[in-house]
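In what follows, chains carry the letters A, B, and so on, assigned in the order in which the sequence lines appear, proteins first and then strands, with residues in each chain numbered from 1. Worth knowing before you read on, the calculation uses all heavy atoms, side chains too, and leaves out hydrogens, waters and symmetry mates.
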Protein chains: 2
Amino acid sequence: MSRCLISKPDVQGFIERCMVAVGTQPHHARSLAEVLVEGDHRGHYSHGLNRMDMYVKDVQSGICAKDGEPVVEKESAATALVEGKNLLGPVVGNFCMNLAIKKAKEVGIGWVVARGSNHYGIAGYYALQALKENMICTLGTNPISVAAPANDGDSFVLDMATSAVALGKVELYERRGDPIPEGWGCDANGKLSTDPKKVLSGGGLVPIGGSEATGGYKGYGLGMMVEVFCGILAGAQYSNHVRTWKVTDRIANLGQCFVAINPENFAPGFSDRMSDLLSIHRGMEPADPNVPVLTAGDPERMNMKRCDDMGGIPYHINVVNYMNDCAKNIGVSPLLPCDNLISN
Amino acid sequence: MSRCLISKPDVQGFIERCMVAVGTQPHHARSLAEVLVEGDHRGHYSHGLNRMDMYVKDVQSGICAKDGEPVVEKESAATALVEGKNLLGPVVGNFCMNLAIKKAKEVGIGWVVARGSNHYGIAGYYALQALKENMICTLGTNPISVAAPANDGDSFVLDMATSAVALGKVELYERRGDPIPEGWGCDANGKLSTDPKKVLSGGGLVPIGGSEATGGYKGYGLGMMVEVFCGILAGAQYSNHVRTWKVTDRIANLGQCFVAINPENFAPGFSDRMSDLLSIHRGMEPADPNVPVLTAGDPERMNMKRCDDMGGIPYHINVVNYMNDCAKNIGVSPLLPCDNLISN
């Protein structure tokens, strides 16, 4: 596999230029680019540069709004309902997260719910904003993300969908012609299936937990919990009313929920206890001596370190070529020529 | 199997008398009895009368405090840190939940964290208190429980541990001599095992999701999230510092977290959307035509209806006999003689 190494600022600038070329306000373009680059840097390529063309199309087609800013529709000392005005998801997300942090500084907690939003990249990005302020953060759309600060920059960062696995993993098995493990997906009749083709054609992913025997009803319940906190509480779309991303005949009107919690409002010594908790888990004897016990956020931390040591993010050459074609169509110069090819 | 039918008030009175006999304050005994009876009524016998002897012993041995009331240690308009004073879990739980509801009425949300608490029965009990006030509620200790009100008394009530299944289920398979499904537990080396004996002797339950391949790391992350909101935020015990219930050489100092959210602070029409969401799910075509699609709280609702139709809760005769022996030891007259035996 051929990959080329591109620095974070170069990817950031490229995405900003593409978004501005189709009419996005520069500061909105910057918000989106930051979320996508962070996704790639943390190793979640499915939510990074790879999706830029979707956002470009959303703005080009007018299915996402370009102008205006989110507004607060209803507010108390600790809560807010925000109308996202159909702007790009990261614009709405940053607005809500900042508001939640502000309220948490004042009364210990900020619970902000948005409607009229769009896809906002990795959920963890917003949780990480609260970490910078030494706040705990929890939020959902379909994913659940929770971040909590420990000492010396260490932290717990959970960012997970409530399905057993991502759809991309099923696609990968299908391409390889391999059966998927039991408990990933079901066929069109709702029966668990290990045939990736059946899952992708009329079937679907199953909630975390898999079958009823292995607690799949818990994942189902968690998925509905996220619906309650987002679409239902916000008065946005929910359940089967939510359109897929590829539909362009109506706006998304997604609901999102952002919660910041100030540990200073609770027992002193929060970050010491967080560090202890992380140490306890990381110090446990692993089942496989070659695979140390990790905590949520560790794999991403390791990926970021690898990138930083290399001096950039390694992208598959096909992704870069595809995005360069996309840029060309809207009159934007390509990403730096991929002269920094790496092979691993 | 022989079971006898006992009315809710009879069980309630019996538990109250036993607790008062060992020195519990009458209003604290009432709180505990209410939670335990609710557990049985909802069909969760593992968290009901079956556990009364544990609470009796806790008060008898002095490992739980009898006197005093919980106190607020730190407070803002939306948050509170409560010292549970080592009182019975339901006493602390009711205090915190009422405080969270009061704050949610005032500023839209109440986030209350307790330390110095003890085992408090089914988590769903507290979530249901918020429902009575038309509030959403979410909370955790080890379980996660979330309740949200819909129209006409209908609701969503999630109440789940973050392990794939309860330990009692593994014990049941061991007694029958059957292997357990893959993804329930592991052996002493941390490897997944289908041998219930290995899980029960030195092994343990695995988080929801099972193995790494089926998303077990998500359940692991959710379990840690609950630690953060409870033990860590409250400055109570957490992770491997938490003692098992059977240890009596030190107090439990459990941390618990109670959150009430007032839908009125967000988009109008919350309960209409909740009812629609529940209808969508219940109306889905089931994979097995004989097993309708349910939502969280439906199995418990069905169990309560069965009990109410029968005029009481059916208890296994062995449980009743065991508790009657326990009562005799502390000078309490037995549960009504089980003249209402049923066979199903």
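Among Asp272(A), Asn240(A), Thr214(A), Ile232(A), the residue with the largest count of heavy-atom pairs under 4.5 Å with chain B is Ile232(A). In terms of heavy-atom pairs under 4.5 Å with chain B, the best-connected choice from Ile109(A), Val113(A), Asn189(A) is Ile109(A). When each of Gly108(A), Gly221(A), Ala77(A), Ala234(A) is scored by its heavy-atom pairs under 4.5 Å with chain B, the top score falls to Gly221(A). The greatest number of non-hydrogen atom pairs below 4.5 Å with chain A, out of Lys169(B), Glu106(B), His281(B), Met284(B), is found for His281(B).
With a 4.5 Å cut-off on side-chain heavy atoms, Leu222(B) and Leu222(A) count as touching. Annotation: side chain of Phe229(A) is in contact with side chain of Ile136(B) (closest heavy-atom distance under 4.5 Å). Within the 4.5 Å cutoff, side-chain heavy atoms of Phe270(B) are placed close to those of Val228(A).
One distance of note links CE of Met160(B) with OH of Tyr220(A); it measures 14.0 Å at 0.5 Å rounding. Atom-to-atom distance recorded for Met224(A):CE and Leu158(B):CG is 9.5 Å, nearest 0.5 angstrom. Between Ser239(B) atom OG and Leu278(A) atom CG the span is 10.0 Å, to the nearest 0.5 Å. With rounding to the nearest 0.5 Å, the separation of OH in Tyr238(A) from CG in Leu277(B) is 7.0 Å. Atoms SG and CD1, on Cys257(A) and Ile261(B) in that order, are 7.5 Å from each other to the nearest 0.5 Å.
Both the backbone and the side chain of Val107(B) come within contact range of chain A, judged by heavy atoms closer than 4.5 Å. Of the two parts of Glu182(A), only the backbone, made up of N, CA, C and O, holds a non-hydrogen atom closer than 4.5 Å to a non-hydrogen atom of chain B. For Glu264(B), the part lying under 4.5 angstrom from a heavy atom of chain A is the backbone only. When heavy atoms are compared at a cutoff of 4.5 Å, Val293(A) approaches chain B solely by way of its side chain, counted from C-beta outward. Using a 4.5 Å cut-off between heavy atoms, Ala148(B) contacts chain A through its side chain alone, with no backbone atom that close. In this structure, chain A has no heavy atom under 4.5 Å from any part of Ser211(B). At a 4.5 Å heavy-atom cutoff, the contact between Trp184(A) and chain B is made by side-chain atoms alone. No part of Val157(B) comes within reach of chain A, as not one of its non-hydrogen atoms sits under 4.5 angstrom from that chain.
Considering every non-hydrogen atom in both Gly190(B) and Ala287(A), the closest pair reads O-CB, 3.7 Å. The minimum heavy-atom distance linking Ala267(B) with Gly235(A) is given by the pair CB-N, 3.7 Å. Closest heavy-atom contact between Leu233(A) and Phe266(B): O-CB, 3.3 Å.
Identified by a heavy-atom distance below 4.5 Å to chain B, the contributing residues of residues 202-210 of chain A are Ile208(A), Gly209(A), in residue-number order.
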Could you walk me through whether His241(B) and Ile280(A) pass the side-chain contact (heavy atoms from CB on, under 4.5 Å) test, one step at a time? CA-CA 10 Å; His241(B) 302 313; Ile280(A) 290 170; 3.7 Å; yes
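In this structure Asn303(B) satisfies the side chain to side chain donor-acceptor pair (under 3.5 Å) test together with Arg306(B), sequence neighbours excluded. Considering only residues two or more places apart in sequence or on other chains, Glu75(B) meets the side chain to side chain donor-acceptor pair (under 3.5 Å) condition with Lys103(B).
Counting only residues at least two apart or in different chains, salt bridge (Lys or Arg N to Asp or Glu O under 4.0 Å) contacts with residues 273-297 of chain A comprise Asp154(A)-Arg282(A), Arg282(A)-Asp298(A).
Using modelled atom types, no side-chain atom of Lys218(A) and backbone atom of Gly219(B) make a donor-acceptor pair closer than 3.5 Å. For Lys74(B) (side chain) and Asn265(A) (main-chain N/O), no donor-acceptor pair under 3.5 Å exists by modelled atom type.
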